[in-house]
2 protein chains.
Amino acid sequence: MSITKDEVPSVTLQCGDCTIRHRAVCARCTPDEVSDLEKIKFYRTYEAGQTIVWAGDDMEFVASVVTGIATITQAMEDGRTQMVGLLLPSDFVGRPGRTTAAYNVTATTDVLMCCFRRKPFEAMIERTPHLAQRLLQMTLDELDAAREWMLLLGRKTAREKIASLLSIIARRNASLQMKNPSESMTFDLPLTREAMADYLGLTLETVSRQISALKRDGVIILDGKRHVTVPDMEALLLEAGDDADGGLFN
Amino acid sequence: MSITKDEVPSVTLQCGDCTIRHRAVCARCTPDEVSDLEKIKFYRTYEAGQTIVWAGDDMEFVASVVTGIATITQAMEDGRTQMVGLLLPSDFVGRPGRTTAAYNVTATTDVLMCCFRRKPFEAMIERTPHLAQRLLQMTLDELDAAREWMLLLGRKTAREKIASLLSIIARRNASLQMKNPSESMTFDLPLTREAMADYLGLTLETVSRQISALKRDGVIILDGKRHVTVPDMEALLLEAGDDADGGLFN
DNA sequence: CGAATCGTTGAGGTATATCAAATTTCGTGG
DNA sequence: CCACGAAATTTGATATACCTCAACGATTCG
């Protein structure tokens with residue numbers, strides 16, 4: 001996990017064939033607006049483990065995750081850490097109107113970010129309703145996700161927390177692969193046990209134990225430490241303690 | 001706590017001298033835009049204890065809290081409940097673009113709401129950048145608050161949770177009364193022990209015990225069950241486990 | 001005055017944290 | 001390719017913070 005100098009991808013990407021074009025903050029923008037955005041954008045890459053933003057630092061840019069996974073975390077002085085967001089491709093990083101970062105953002109896999117210089121981006125929000133509208137929509141979605149997580153953190157048992165996390169990851173993969181979510185599903189965990197613990201408000205030992213328990217009970221099948229098969233999504237959803245249907249939208 | 005028919009206030013309020021005009025969703029609107037809003041607005045009152053919105057119901061309106069306090073809660077099938085938001089004057093209720101309410105909203109005191117019919121309001125957002133921009137700002141603030149709460153729910157001890165809640169309420173009162181927050185402060189708890197428990201992810205017994213403990217330790221002074229004096233805000237902040245300064249913005 | 005609501009306090013149980021050690025995985029260099 | 005060390009993970013033993021169940025006190029309201 002060595003830290004090397006950021007490197008601009010050898011081929012500069014064009015917004016026209018960007019993989020997140022239809023989901024990112026620019027989703028509603030007209031071609032004209034996109035070409036305005038293109039003038040203030042630049043790419044950055046981060047290696048797995050690298051910090052993208054330090055809480056308290058000046059924010060020179062806001063950005064969209066193009067590929068890879070990053071985490072948003074908040075820490076107390078004594079080291080207790082809570083993940084407060086998981087950033088997937090198309091997710092937005094940074095808050096227009098704020099000069100100082102409030103959270104740590106860390107790459108958990110190699111990450112490619114599409115960055116916009118903050119000042120020009122803020123100016124553009126003021127004059128581009130499509131941008132503000134899309135950002136509002138995305139922020140409302142994030143708020144919903146945060147609230148769902150508050151229920152998990154405040155009221156769910158350790159087993160339910162693990163099952164919830166697994167089903168969220170599974171659901172995500174399902175939506176990518178366009179599979180019927182009731183079938184059996186297979187995916188890789190993008191997080192270490194410690195990162196899962198920070199997400200779920202548990203210790204890594206408890207995470208490990210509960211994963212072992214779910215495995216023992218046949219709810220999941222493990223191949224190695226990270227490769228998970230869920231033979232019966234219904235059963236997993238049941239363990240998560242959510243409403244039977246689990247997540248209608250998204 | 002009887003439930004009576006909603007009643008429009010005897011005097012219909014005018015946006016011009018509305019107490020939340022400068023903080024609510026309409027804060028950035030021009031006089032013209034406000035008068036457009038005025039055409040689709042109506043007032044509703046709710047008594048303490050009354051439900052304002054049921055999760056799953058159709059949302060006919062979105063609204064601003066004008067006076068009083070309401071809570072946003074989420075419940076699991078077995079009854080476990082988590083508060084995911086606290087609504088104070090000027091806060092916004094409802095999500096444009098969504099037809100069905102995702103959460104329960106309940107009045108904890110008598111509440112006056114300034115409501116907008118949802119459809120026309122959504123249309124107005126599309127054509128009124130000032131409205132979308134302000135709503136974005138407010139939503140970003142809520143997201144920050146939700147994330148701060150995630151840290152509390154996931155990583156703080158019961159005592160820290162109580163101290164955090166008290167300091168948030170105290171800070172709020174300070175900002176209303178324009179007092180120096182380092183002085184001693186007095187305020188009333190707007191929540192029952194049970195509501196506090198639902199907010200903090202605790203049982204009401206634990207809330208009661210921790211409040212007693214803070215009282216025993218001289219961190220707070222109780223007069224009755226709800227009237228609280230904090231002789232030394234610094235000490236309370238310390239108990240909350242936050243950074244020394246505690247809350248720069250807002 | 002009695003019932004209902006709200007809050008406090010106590011005793012004991014349990015889920016999860018903490019501390020500790022063994023085991024597996026994985027990257028690196030010989 | 002293999003050996004080594006570091007990191008990640010699992011598992012065990014024990015501690016403890018918080019929950020659960022229960023009883024009781026205070027306040028309000030009809």
Does the side chain of A/S164 pick up a donor-acceptor pair with the side chain of A/S167 at under 3.5 Å? no

Would you indicate what B/R226 reaches in the nucleic acid, counting non-hydrogen atoms under 4.0 angstrom: base, sugar-phosphate, or nothing? sugar-phosphate

Can you tell whether the side chains of A/R23 and A/D91 come within less than 4.0 Å, N to carboxylate O? no

Between A/K225 and A/D188, does at least one N-O distance fall below 4.0 Å, as a salt bridge requires? no

5' to 3', nucleotides 13-30 of chain D under a 4.0 Å protein heavy-atom cut-off (B base, S sugar-phosphate only, - none) gives B----SSBB---------

Under a 4.0 Å N-O cut-off, is there an ion pair linking A/D198 with A/R193? no

Just how far, in rounded Å, is P of C/dC6 from CG of B/L189? 14 Å

Set of ring-ring contact (aromatic ring centres under 6.0 Å, His included) partners for A/F187, sequence neighbours left out: none

Whether the A/T186 and A/T229 side chains hold a donor-acceptor pair (N or O, under 3.5 Å, no angle test) is what I'd like checked. yes

Does a nitrogen or oxygen in the side chain of B/T192 sit under 4.0 Å from OP1 or OP2 of C/dT5? no

If you measure from the Lys or Arg side-chain nitrogens to the Asp or Glu carboxylate oxygens, is any gap between B/E142 and A/R147 under 4.0 Å? yes

So, with a heavy-atom separation below 4.0 Å from DNA chain D, the residues of residues 213-224 of chain B are none

Contact class for A/S208 vs. all strands (heavy atom < 4.0 Å): base, sugar-phosphate, or nothing? base

Evaluate whether atom CD of A/E205 has more than 12 neighbouring non-hydrogen atoms of other residues, nucleotides or ligands under 6.0 angstrom away. yes

Atom-to-atom span, CG of A/L191 to P of D/dA8 - whole angstrom: 13 Å

How many whole angstroms separate atom NZ of A/K161 from atom C1' of C/dA15? 11 Å

Take the protein atom CZ of A/R80 and the nucleotide atom P of C/dT18, then report the distance between them rounded to whole Å. 9 Å

A/L204 CG to C/dA21 C1', in whole Å, measures 14 Å

NZ/NE/NH1/NH2 to OD/OE distance under 4.0 Å, A/R80 and B/E160: yes

